[in-house]
Amino acid sequence: MERQTILKNLEKVLKERYNFKGSLAGIQFSDQTDESFPKLAEVLANSAAPVPAVLNPIVSGDNTPKIGDPAFVYWLGQGWFTATIVDWLPANLTYMIKWTDGNWAAEAASYQNLCVNKVPDPSTIGVGTKVLFKQGLYYCGYDENGAVCDSSGRGLSESTIQRLAEEQQISDRWHMGRITSVAKNEKGETVYNGRHVDVTDPQASGSNYVGYTHTFEGLQLSELRTLPNVFNCVDSSPTEISSFTSPGIENKCDVFVSKVQADNEAVRKIIRDVRGNYNVAESSDSSTADVIQRIVGQIKSCAVYLVCLSDSFIENPQAMSELLYAKKTLGKTVIPVVIGKSQNWLTTTAGMLLAGQLYIQFGGEDVFREKCIELQNNLKEYISEVSGPGKESSGTSSTVPPRVFLSYCWSNSKSSFEAGQLRSYVGHEYSDPRKIKADIEEKIGEEVWLDIERLNSTDDSGMFGQIADGLRDSSVVLMCVSKEYTNSGNCQMEANFALRSLHKTALILEVGSGLPEDRSSWMRSSVGMVLPAGERPYVFTADDHTEYEATIDQICKKLKETVLFEPKATDVKRKEEVKESQKSQPNETKSSLRASVPMVGDAVVAHYAEWQFFPAKVADFDRVSMKYTVDWDDPDPNCRVQSYNLVALNVTATDDMIGIGSSVLFKQGTYRFGDSTGDVWNLGEITDIVVEDGVRYYSGKHSKNAADGLAVATWPSYRPTFERARCQDLRLFPNAIEMLQAYRNEE
């Protein structure tokens, strides 16, 4: 074939396939290959359309790649370089791209090695998230001496770098990293800290470039990029790979179970339990196009997305992408199930997506049956028909807020013990709060709020939020007090929120052992301090049927005479009543909450380290992790992020807030930091209260000791106890229910 014919055919191929804009006509090529190829490369380079190496990012929460989008693409272990997307090949999950540095040939890039140049959605970035970040420069050219320059611009002067940047001949070098923490800067802006991915990671960059450091700090959202979600990629073009999907019922399910292989043993048991009532589909370890497409169809069709969270799950990119697709893209109802006892998922994007939701923790064999029952109750809330063979739905509780709320401790419930939910209990058949609730319901003819019937893991307000709503919407609280009740942190929160913050009407029911010392214990506790003064409790400590029935009748009569004297309203009217009552409560309730909950700008006493507490101000509060960020009164920049239950308002407590067993901060020892000095506050527990001339004095003990790492235990000033402190000498921690409600009121 003649040389000109070959050149003409070559030119045609280049134009059709690679968008070649030049011409090969008139070019004199040698018969020698080693001479002809450099000549051809020169022609192609000269004819390539000039494309800037620096691309402006698109501000968009959707990072699904589209044809024409600017992107960063991983190349041969050197880093991530700018390109433009020219095509999408869904059958093998790859994109065709063209480099923007003048390279004329299109190249295939896996979705895993491509990142759209778009500012990401903040809800998709948490601890552990893989991100692209800028570090160093990329340059393909010559130095001042005319020699080929190092690709990171090594040896270039600052003035040359500035000139090349203005000419868009030099660009940023991007690398794959992993977020290690999320914080606030001095302006209150969210910033991200992280590090390069491990060298064994297939997307790791080399470190031999100017400006390399292993970590990055203080980057803002606009300085990061995130990888595309493969499920969004596949869903963007479903018809193109429909031939790969499995037809019919396989793509339809009631419950989709998201899991990873490492958790198969634990999750299989859960799936077997759920499959008895529902059609179940589950995720796969395979990442082929047909499997991903099948999963997309199943998640779209499911009524409930059941995600099995664990350390292995949050470390699996495909699993996390699947959760993001179900929750964020499709808005599916998600029930979180936690495998094991780890809470690491709370700080990841999973924790942000599921913020506030009540999760079901399968912590071990001893609670497996109990948790399966809890899961089945949650599924019934969202799946109208139980589709397993021969099964029928048992229905759910009314969504109308009950007028009566039951507050109790599980440790006093015999039925909880018999259901396998407890290892032991204190009480008997006729002091069981759940039995009391059922019998009162029967006599008053309306529902009573009970946690196991009302709480569900798909409510975004979480357990504390749902309890707060139930208390706020009720007219009266039946408070089943006992030593176990006042020893329970959750029960203390319920009682204090109901009586001190909401000022609810309460009937006190004494359950438990009935022993004099136990009665004295709960009466002198912080709960006892807020109980209605002068009211005798309804006693259920005698194991006697006749006495039990008489006491139930007395309670029902009291309810009907006081708060239930009007007939039960229709569902619509009851909801309207709740709305009206909420309108009349806010000012008083907000004032009460504001007085006990640390808010941004408030003076507090916060944990630092080794169980030492120091004065500070609240800089921020994260509702997902329930942690405060504080600024210390001295200039120390360390240990600023602390859990809510280790940060106390720096205001004097009132006597009605402190009882036997209360957790408090007390002063013992002094500190020095630079020119600053002050008292050291310590975590303690009240053990005794005496009243002299109308003044209450509190004695107590350290809650921590040397074995717990208590720093002051080695100080000369250390004493294991404290005596005769007054309320102004003590500080109290916030109530989690009150805290979440207070921040909800601020929205």
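Not measured: the values here are computed from a predicted model.
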Item to check | Residues forming a side-chain contact (heavy atoms from CB on, under 4.5 Å) with Met493, sequence neighbours excluded | outcome: Phe464, Asn490, Asn735, Ala736, Ile737
I'd like to know if [X] and [Y] make a salt bridge, using a cut-off of under 4.0 Å between side-chain N and carboxylate O.
{"X": "Asp729", "Y": "Arg726", "answer": "no"}
{"X": "Glu510", "Y": "Arg536", "answer": "no"}
{"X": "Glu447", "Y": "Arg454", "answer": "yes"}
{"X": "Lys414", "Y": "Asp432", "answer": "no"}
{"X": "Arg640", "Y": "Asp631", "answer": "yes"}

Next on the checklist: Can you confirm whether the side chains of Thr180 and Asn193 place a donor and an acceptor under 3.5 Å from each other?
Outcome noted: no
Checklist entry - Using the ring of each side chain (for Trp, its six-membered ring), is Trp345 parallel, tilted or perpendicular to Tyr359, with breaks at 30° and 60°? => result perpendicular
Checklist entry - Parallel, tilted or perpendicular: which fits the ring planes of Phe621 and Tyr628, with parallel below 30° and perpendicular above 60°? => result tilted
Next on the checklist: Using a 6.0 Å distance limit plus a 45 degree cone around the ring axis, check whether Lys483 lies over the aromatic ring of Trp522.
Outcome noted: no
Next on the checklist: Within 45 degrees of the ring normal and closer than 6.0 Å to the centroid, is that where the cationic atom of Arg434 sits relative to Trp410?
Outcome noted: yes
Next on the checklist: Do Arg524 and Ile689 have side chains that approach each other closer than 4.5 Å (heavy atoms only, starting at C-beta)?
Outcome noted: yes
Item to check | Leu509 side chain reached by Ile436 side chain, heavy atoms, under 4.5 Å | outcome: yes
Checklist entry - Step by step, would you call Asp439 with Lys435 a salt bridge (charged side-chain N to carboxylate O under 4.0 Å, His left out)? => result CA-CA 6 Å; Asp439 291 338; Lys435 174 178 172 57; 3.3 Å; yes
Looking at [atom1] of [X] and [atom2] of [Y], how far apart are the two atoms once the value is rounded to the nearest 0.5 Å?
{"X": "Cys639", "Y": "Phe614", "atom1": "SG", "atom2": "CZ", "answer": "9.5 Å"}
{"X": "Leu531", "Y": "Leu499", "atom1": "CG", "atom2": "CG", "answer": "6.5 Å"}
{"X": "Trp611", "Y": "Asn682", "atom1": "CH2", "atom2": "CG", "answer": "11.5 Å"}
{"X": "Ile660", "Y": "Asn487", "atom1": "CD1", "atom2": "CG", "answer": "11.5 Å"}

Next on the checklist: Under the side chain to side chain donor-acceptor pair (under 3.5 Å) test against Gln361, which residue among Gln343, Lys371, Glu374 passes?
Outcome noted: Gln343
For the rings on [X] and [Y], is their centre-to-centre separation under 6.0 Å?
{"X": "Phe613", "Y": "Trp681", "value": "no"}
{"X": "His702", "Y": "Phe666", "value": "yes"}
{"X": "Tyr548", "Y": "Phe540", "value": "yes"}

Item to check | Non-hydrogen atoms of Arg696 and Val691 that approach each other most closely | outcome: CG-CG2, 3.7 Å
Next on the checklist: Applying salt bridge (charged side-chain N to carboxylate O under 4.0 Å, His left out), can you list everything that pairs with Glu517, at least two apart in sequence or on another chain?
Outcome noted: none
Item to check | Backbone N/O of Gly512 and side chain of Glu484: donor-acceptor pair under 3.5 Å | outcome: no
